[in-house]
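Because the structure is predicted, anything quoted here is derived from the model rather than measured. What's counted below: heavy atoms across the whole structure, side chains too, no hydrogens, waters or symmetry copies.
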Amino acid sequence: MSEKQDLQKTQECDDLLQGQRHQTVYPQPGCQPPPPPPPYMYGHTIQTTAGLPVAIQPNNERSPPDYLGLAIFATVCCFWPTGIFAILRASDARVSAARNDMTSAWDQSNTSKKMSIVSIAVGVTLMLLIVLFLFVEYLVLIPLLFEFGESATTPATAGYNMDPTAYMPVTG
């Protein structure tokens with residue numbers, strides 16, 4: 001083929017490929033279709049110029065853990081007031097990581113972890129205090145109450161004459 005024919009063939013391929021963006025046109029043999037656009041990858045930044053991808057820069061910063069499971073455990077099993085805040089912060093950490101705001105995501109993640117730990121600590125402390133109170137009540141106070149009751153030799157009505165005939169008027 002001559003140079004003129006090659007140029008004409010290249011021009012036809014370019015025209016067909018240009019039309020392919022707007023309508024379905026099957027390319028002729030010898031024409032190469034344009035490469036497909038790169039798929040969107042989570043955690044990567046795609047820079048574009050005029051609609052064409054120029055560079056894919058990996059985001060080397062890993063997303064933080066959101067501690068949602070720990071927050072739910074702390075809420076259900078330990079102390080719910082601080083556990084609810086831990087769940088909210090864990091959700092915020094997940095949302096911040098999804099929009100690639102890693103600074104905020106790490107802050108929310110750390111807050112969620114701290115609130116979960118506080119909730120677990122308060123819950124365990126309250127449980128221990130309840131067990132201690134029950135121990136003191138049932139093993140110390142109740143036997144003392146029964147001990148005082150058994151030391152009295154007479155019933156609570158001591159000193160009163162319980163003979164029903166003693167207070168009856170004498171008729172005569």
*Got a sec, which pairs hit side-chain hydrogen bond (donor to acceptor under 3.5 Å, both in side chains) with one end in residues 115-130, sequence neighbours left out?*
Thr82-Ser119
*asked:* As a quick check of understanding, evaluate side-chain contact (heavy atoms from CB on, under 4.5 Å) for Arg99 and Ser104, giving each step before the final call.
replied: CA-CA 10 Å; Arg99 61 170 196 256; Ser104 175; 4.3 Å; yes
_Minimum heavy-atom distance Ser63-Ala97, with the two atoms named_ = CB-CB, 4.0 Å
*Hey, quick one: are Tyr138 and Phe133 part of the same hydrophobic cluster, counting side-chain heavy atoms closer than 4.5 Å, chains of contacts allowed?*
yes
_Test applied, side chain to side chain contact (heavy atoms under 4.5 Å, CB included); reference residue, Gln108; option that passes from Val95, Asp92, Asp101, Thr103_ = Asp92
*Who passes salt bridge (charged side-chain N to carboxylate O under 4.0 Å, His left out) against Asp107, sequence neighbours left out?*
none
*Considering only Ile, Leu, Val, Met, Phe, Trp and Tyr, and joining two whenever side-chain heavy atoms are under 4.5 Å apart, list the other residues clustered with Val131.*
none
*State the CD1-CG distance between Ile120 and Leu70, to the nearest 0.5 angstrom.*
4.5 Å
*Validation row: Ser109, Asp66 side chains within 4.5 angstrom (heavy atoms)*: no
*Check which hydrophobic residues are tied to Met115 through side-chain heavy-atom contacts below 4.5 Å, counting indirect links as well, and list them.*
Trp80, Ile84, Phe85, Leu88
*Starting from Ile87, walk the hydrophobic network (Ile, Leu, Val, Met, Phe, Trp, Tyr; side-chain heavy atoms closer than 4.5 Å) and list everyone else you reach, by chain and number.*
Leu68, Ile72, Val76
*side chain to side chain donor-acceptor pair (under 3.5 Å) with Thr111: which residues, sequence neighbours excluded?*
none
*Drop me the distance from Arg89's CZ to Lys114's NZ, to the nearest 0.5 angstrom.*
13.0 Å
_Tell me the closest heavy-atom pair linking Met127 and Cys78, and the distance in Å._
CE-CA, 4.4 Å
